Structure formats: structure tokens, C-alpha cells
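Take a look at the structure below.
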Amino acid sequence: MTRTELTARFGRHWMISSGVGADWYAVRRTPLSARGLEHGLCDVRCGADLSELGRRLDAELRLEGQMWGHAPSQRAS
């Protein structure tokens with residue numbers, strides 16, 4: 001997965017940046033509510049590479065769907 005692909009898929013809700021070394025991280029554009037945090041959602045997700053970060057953002061999307069009681073929305077890919 002490339003940064004362009006990841007940004008196209010998640011960039012509307014997450015700012016994706018490179019970290020120190022070869023790491024990557026994503027920060028939510030809008031902070032979570034206390035309820036979201038209580039349900040295990042995160043404001044920041046990290047990955048050793050872009051593929052790992054993509055998997056973590058996909059997992060976050062699934063968790064959001066469970067929390068709000070609906071299937072995850074399909075974001076542009």
C-alpha cells in the first residue's frame with residue numbers, strides 16, 4: 001500500500017504522516033468523544049509500515065461500525 005492509496009481511503013477522517021525512522025501514524029481530524037474513547041476507539045493509530053497502518057485503520061473503522069450499530073461505510077478506495 002502506498003501513502004497515496006492510504007490517504008485516498010482514509011484521508012478524509014485521518015491525517016497520515018511519517019514518523020521517526022520508517023514508522024507511520026494517523027491522527028483523527030476530529031477528536032473522539034468520551035463515548036468513543038470508552039468503546040476503544042483511538043485518536044492516533046501507528047504502524048511500522050503503511051500496510052500495517054492500513055490494517056489498523058481498517059480495524060478502527062470496523063470498531064466504529066460496531067459502536068454505532070451499523071456496518072462500516074465504504075470510503076473511497
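Source: prediction; values computed, not measured.
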[X] vs [Y] side-chain heavy atoms within contact, under 4.5 Å:
X	Y	answer
Trp14	Arg45	yes
Arg28	Glu60	yes
Glu64	Leu61	yes
Leu57	His13	no
Glu5	Arg9	no

Closest non-hydrogen atom pair between [X] and [Y], with its separation:
X	Y	value
Arg3	Leu50	N-CD1, 3.3 Å
Asp43	Leu37	OD2-CD2, 4.3 Å
Leu63	Gly40	CD2-O, 3.5 Å
Val44	Cys46	CG1-SG, 4.2 Å

ask   = Does Trp24 belong to the same Ile/Leu/Val/Met/Phe/Trp/Tyr cluster as Met1, with side-chain heavy atoms less than 4.5 Å apart forming each link?
value = yes
request  = To the nearest 0.5 angstrom, please state how far the CD atom of Glu38 sits from the CG atom of Leu32.
outcome  = 11.0 Å
request  = Please round to the nearest 0.5 Å and tell me the distance separating atom CG of Leu53 and atom OG of Ser17.
outcome  = 10.0 Å
Pair Arg56 + Glu52, salt bridge at N-O below 4.0 Å = yes
